[in-house]
Amino acid sequence: MSLKKINTVLAAAFVLFILWFGTEFILSPETTAPTFGLPSWPSGDGGGFLIIKGIRDVVLALVLGVLLVTGHRRALGWALVVGALAAYGDMTTVLAHHGSVATALGVHGLTATLMVVNGLLMLRETRKAAAAPQPA
C-alpha cells in the first residue's frame with residue numbers, strides 16, 4: 001500500500017472519529033462527559049462548556065475533511081499537526097485536574113501523537129511536489 005493511500009485512510013479515520021466524538025458532546029454531553037477523563041461533572045451550568053468542546057471538535061473535523069476532499073494534502077498535513085495541539089491540550093487539562101491518567105494518555109495523548117505522525121507523513125508525501133519549481 002502506498003504512503004498516499006495510508007495517509008488518506010488515516011486522515012479520513014481522524015475526520016470521522018473527531019466528527020463523531022464532537023457530535024456526541026453536542027447532542028448528549030451528560031453521557032459523553034465521563035469518557036473525557038475528568039473526575040467530575042462541571043458544577044452549576046458548566047455543561048455548556050462541554051458543548052463548546054463538541055463544537056470545536058466538529059469544526060476541526062470539517063476543516064480536515066474539506067482539505068482531504070479538495071486534495072489540499074500539504075495543508076492537510078499542517079492542519080493535522082496543528083490540530084493535534086487541541087488533543088494535547090485536552091490531555092494536559094485532564095492531568096492538571098486530577099483526572100484519569102489512562103484516559104489522558106491513552107485517548108488524548110495517543111490521538112494527538114497519531115495526528116502528528118499522520119500530519120508529518122502527509123508533509124513528507126507532499127515534500128517533493130512543494131519543492132518542485134513552477135514553470136514560468
Side-chain angles (χ1 to χ4, degrees):
M1 187 178 281
S2 71
L3 180 59
K4 184 174 182 176
K5 286 183 183 180
I6 292 169
N7 286 338
T8 300
V9 169
L10 286 173
F14 279 119
V15 168
L16 294 174
F17 173 74
I18 297 168
L19 186 62
W20 169 76
F21 202 69
T23 302
E24 288 290 309
F25 264 97
I26 293 169
L27 297 178
S28 58
E30 64 283 344
T31 57
T32 309
T35 66
F36 188 75
L38 291 173
S40 62
W41 177 261
S43 60
D45 194 26
F49 287 101
L50 298 172
I51 295 172
I52 291 171
K53 185 247 186 286
I55 292 169
R56 177 200 73 183
D57 288 350
V58 168
V59 169
L60 174 59
L62 292 175
V63 167
L64 295 174
V66 166
L67 292 173
L68 179 63
V69 169
T70 59
H72 291 84
R73 297 180 71 78
R74 189 150 185 85
L76 175 58
W78 282 113
L80 282 161
V81 170
V82 172
L85 295 174
Y88 281 128
D90 291 346
M91 177 189 76
T92 304
T93 300
V94 171
L95 292 173
H97 289 89
H98 311 290
S100 167
V101 173
T103 302
L105 300 177
V107 174
H108 304 295
L110 182 61
T111 298
T113 301
L114 290 174
M115 285 178 73
V116 168
V117 168
N118 188 198
L120 292 176
L121 287 173
M122 191 79 65
L123 291 171
R124 179 177 179 181
E125 168 202 322
T126 60
R127 178 179 55 201
K128 291 180 185 171
Q134 300 297 325

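Just so it is clear, the structure is predicted and the values come from calculations on it, not from any experiment.
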Any donor-acceptor pair under 3.5 Å from Asn118 side chain to Ala11 backbone:
yes
Does His108 use its side chain to pair, donor to acceptor, with the backbone of Phe36 at less than 3.5 Å?
yes
Interatomic spacing from CG in Leu123 to CZ in Arg73 - rounded to 0.5 Å
11.0 Å
If you look at every heavy atom in Gly109 and Tyr88, which pair is closest and at what distance?
O-CE2, 4.1 Å
Check whether any side-chain heavy atom of Leu121 lies under 4.5 Å from a side-chain heavy atom of Leu3, and answer yes or no.
yes
Euclidean distance, Asp57 CG relative to Glu24 CD, rounded to 0.5 Å
11.5 Å
At their closest point, which heavy atom of Thr70 faces which heavy atom of Val66, and how far apart are they?
OG1-O, 2.7 Å
To the nearest 0.5 Å, how far apart are CG in Leu120 and CD in Glu125?
12.5 Å
If you look only at pairs with a residue in residues 79-92, which of them pass as a salt bridge (Lys or Arg N to Asp or Glu O under 4.0 Å), with sequence neighbours excluded?
Lys53-Asp90, Arg56-Asp90
OG1/Thr32 to CG/Leu27 distance, rounded to the nearest 0.5 angstrom?
8.5 Å
Check Ala61 against Ile18 and note the closest heavy-atom contact, atom names and distance.
CB-CG2, 3.9 Å
Would you say Leu85 ends up clustered with Val63 if hydrophobic residues are merged whenever their side chains have heavy atoms under 4.5 Å apart, either directly or through other cluster members?
no
Could you report the tightest heavy-atom contact between Gly119 and Leu80, atom names first, then the distance?
CA-CB, 3.8 Å
Closest approach of Leu76 and Leu68, non-hydrogen atoms and distance?
CD2-CD1, 3.7 Å
Donor-acceptor pair, side chain of Ser100 and main chain of Thr103, under 3.5 angstrom
yes
Side-chain heavy atoms nearer than 4.5 Å, only ILVMFWY residues, links allowed to pass through others: does that put Val94 and Val107 together?
no
Same cluster for Val116 and Trp78 if Ile/Leu/Val/Met/Phe/Trp/Tyr side chains link at under 4.5 Å?
yes
Output yes when a side-chain donor or acceptor of Thr113 lies under 3.5 Å from a complementary backbone atom of Leu110, and no otherwise.
no
Once rounded to the nearest 0.5 Å, what's the spacing between atom CG of Leu50 and atom CD1 of Ile55?
11.5 Å
Are Leu38 and Leu105 connected into the same hydrophobic cluster when the rule is that any two of I, L, V, M, F, W, Y join if their side-chain heavy atoms are below 4.5 Å apart?
no
Atom pair CG (Leu19) and CZ (Phe14), whose distance is rounded to the nearest 0.5 Å:
14.5 Å
Using 30° and 60° as the class boundaries, would you call the ring planes of Phe17 and Phe21 parallel, tilted or perpendicular?
parallel
Spell out, yes or no, whether Met91 and Val101 are grouped together once hydrophobic residues are joined by side-chain heavy atoms under 4.5 Å, including indirect joins.
yes
Residue pair Phe25 / Ala33: nearest heavy atoms and the distance that separates them
CE2-CA, 4.1 Å
